Enquirer: 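Below you will find the structure I want to go over with you.
Values reported hereafter were calculated over all heavy atoms of this structure, with side chains retained and with hydrogens, waters and symmetry mates removed. All values derive from a computational prediction rather than experimental measurement.
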Amino acid sequence: MNCTKLIGAAALIGLSFTSAAVAQDDLSIGIVTFSSSDVDTNQMIDTMTEAATSQGWSVETLNANGDPSQAITAMKQLATKGVDAIIITVFDSTGLAAGIAAAEEANIPVLSAGGGMAPGIALSASTGAADPLVALMLEDIGNTGTLLDLSYHPGVPCRERADAFDAAVAANPALKATTHEITIPGAAESSQAATSAWLTATAGDEGPFAIFNCYDDNAMGAIAALKQNGRDDVLVYSFNATAPAVQAVKDGSMRATLGVDLTSAGQILVDTIPEILAAGDAWEPKYFIPGYTMVTKDNVDAFMAENPQ
């Protein structure tokens with residue numbers, strides 16, 4: 001298992017069919033969730049849980065509360081229990097070496113939903129998808145203005161998004177940017193407080209103004225601060241296309257939210273477990289990039305009709 005392969009969109013279909021052909025009964029799956037307060041991750045976990053239980057598998061979910069050390073502890077607990085596979089969400093795979101080692105010692109494959117590849121990860125869904133939203137923001141503001149980046153670097157998708165934001169700022173000297181690390185749990189509350197402070201600090205700036213959010217939960221806190229401060233001149237961008245964010249796009253308080261297809265990503269992760277187990281040491285680590293949809297005022301009605309929440 002010393003090479004990593006990218007699974008393209010076409011290969012995803014074949015992967016799912018292959019997995020179904022080697023389906024196994026009575027498997028036990030452990031899922032380590034990033035945080036029970038993360039709406040989008042919870043939707044993905046619901047998909048994975050339903051996909052597993054529909055095949056007669058048992059599922060145990062442990063909440064790491066946004067703390068990598070708790071995630072490692074949860075992985076060790078699941079390894080001790082002897083589950084057949086462990087799926088971990090969002091946490092940077094490179095920071096989970098101790099948990100991955102415990103799983104490897106117990107001969108348990110580890111899959112990642114958004115944490116990236118690292119030694120010992122059998123399959124990873126890459127969910128950052130930052131570039132399209134950064135490009136839209138730059139187009140909207142004309143590559144100039146005052147920006148706030150509400151980020152969370154311990155989460156790989158958030159860090160990928162922050163990296164894209166930082167690259168845009170570096171390439172555009174007319175951008176004045178402030179980055180603030182949100183807290184999890186408490187993403188909305190910490191974002192609201194940080195946004196209020198930023199509004200005060202930049203009150204004399206001419207703009208345009210924009211807030212780039214790691215994901216929708218903290219974006220809702222930013223929007224709350226904008227409303228509290230009577231500001232309707234700040235464009236808000238975010239990720240995940242959760243129901244509150246899509247509604248915010250519709251009512252004009254958010255410019256855009258980019259939704260990665262985590263439902264299909266979660267299904268693929270679960271469906272591939274039997275194939276990974278059947279291959280054993282012959283399995284070659286892989287990662288794949290799910291599709292995404294950018295939700296703006298132009299397509300929000302159609303998106304809501306196609307994705308009732």
Side-chain angles (χ1 to χ4, degrees), residues 1-5 15 19 22-36 38 41-42 44-127 154-157 184-185 262 265-288:
M1 294 191 184
N2 59 359
C3 65
T4 301
K5 293 185 176 181
L15 177 63
S19 302
V22 293
Q24 299 180 19
D25 296 327
D26 301 325
L27 296 181
S28 59
I29 308 301
I31 301 176
V32 180
T33 180
F34 178 71
S35 171
S36 60
D38 183 345
T41 300
N42 289 340
M44 190 180 199
I45 289 170
D46 289 344
T47 295
M48 294 189 291
T49 300
E50 182 178 353
T53 56
S54 68
Q55 300 182 66
W57 304 353
S58 62
V59 178
E60 180 175 359
T61 301
L62 300 178
N63 179 21
N65 295 303
D67 184 349
S69 64
Q70 290 190 41
I72 291 171
T73 298
M75 295 174 74
K76 290 180 177 179
Q77 291 175 354
L78 292 168
T80 299
K81 290 182 178 181
V83 298
D84 292 296
I86 296 173
I87 302 175
I88 187 153
T89 66
V90 180
F91 288 106
D92 186 348
S93 299
T94 61
L96 302 175
I100 294 172
E104 284 189 313
E105 185 175 352
N107 200 30
I108 300 170
V110 178
L111 298 82
S112 174
M117 296 301 297
I121 297 294
L123 181 65
S124 177
S126 176
T127 59
V156 169
I184 297 177
L262 297 184
Q267 185 76 47
I268 290 164
L269 287 169
V270 170
D271 285 351
T272 311
I273 289 173
E275 185 179 353
I276 295 171
L277 294 173
D281 290 339
W283 175 262
E284 295 182 350
K286 302 176 176 69
Y287 74 95
F288 63 95

Enquirer: Quick check: do F34 and I184 have side-chain heavy atoms less than 4.5 Å from each other?
Expert: yes
Enquirer: With sequence neighbours left out, which residue pairs that include part of residues 96-125 fulfil the salt bridge (Lys or Arg N to Asp or Glu O under 4.0 Å) condition?
Expert: none
Enquirer: Give me the atom names and distance for the closest heavy-atom approach of D26 to W57.
Expert: N-CD1, 4.0 Å
Enquirer: In Å and rounded to the nearest 0.5 Å, what is the CD1 to CD distance from I273 to E275?
Expert: 11.5 Å
Enquirer: Listed by chain and number, what are the side chain to side chain contact (heavy atoms under 4.5 Å, CB included) partners of A101, not counting sequence neighbours?
Expert: none
Enquirer: Please examine the side chains of M117 and S93, heavy atoms only from C-beta on, and report whether any two atoms are closer than 4.5 Å.
Expert: no
Enquirer: What pairs of residues pass the salt bridge (Lys or Arg N to Asp or Glu O under 4.0 Å) test when at least one of them lies in residues 84-93, not counting sequence neighbours?
Expert: D92-R159
Enquirer: Knowing that exactly one of L277, I86, I100, L78 qualifies, which makes a side-chain contact (heavy atoms from CB on, under 4.5 Å) with I108?
Expert: I86
Enquirer: Does a side-chain heavy-atom distance below 4.5 Å link I31 with L62?
Expert: no
Enquirer: Checking side-chain contact (heavy atoms from CB on, under 4.5 Å) against L269, which of T47, L123, I276 comes through?
Expert: L123
Enquirer: For a quick test of reading the model, state the closest non-hydrogen atom pair linking P274 to D271 and the distance between them.
Expert: CD-O, 3.4 Å
Enquirer: Can you name the closest pair of heavy atoms from G115 and S112 and give their distance?
Expert: N-OG, 2.8 Å
Enquirer: Please enumerate all residues that pass side chain to side chain contact (heavy atoms under 4.5 Å, CB included) together with N65, with sequence neighbours excluded.
Expert: N63, Q70
Enquirer: Say you draw a straight line from CG of L111 to CD1 of I268; how long is it, rounded to the nearest 0.5 Å?
Expert: 12.0 Å
Enquirer: Could you tell me which non-hydrogen atom of G266 sits nearest to which non-hydrogen atom of M44, and how far apart they are?
Expert: N-CE, 3.7 Å
Enquirer: Does some side-chain heavy atom of S35 sit less than 4.5 Å from a side-chain heavy atom of T41?
Expert: no
Enquirer: If I compare all heavy atoms of A52 with all of I29, which pair ends up nearest, and what's the gap?
Expert: CB-CG1, 4.5 Å
Enquirer: Specify the closest pair of heavy atoms between S28 and V83, including all atoms of both residues, with the distance to one decimal.
Expert: OG-CA, 3.2 Å
Enquirer: If you measure from CD1 on I45 to CG on L262, what distance do you get to the nearest 0.5 Å?
Expert: 10.5 Å
Enquirer: Test: salt bridge (Lys or Arg N to Asp or Glu O under 4.0 Å). Region: residues 47-65. Which pairs qualify, not counting sequence neighbours?
Expert: E60-K81
Enquirer: Would you say that more than 12 heavy atoms from the other residues, nucleotides or ligands in this model lie under 6.0 Å from the CG of D46, or not?
Expert: yes
Enquirer: State which residues pass side chain to side chain contact (heavy atoms under 4.5 Å, CB included) with A71; sequence neighbours excluded, sorted by chain then number.
Expert: V32, A64, I88, F91, L96
Enquirer: Are side-chain heavy atoms of K286 and T272 found at a separation under 4.5 Å?
Expert: no
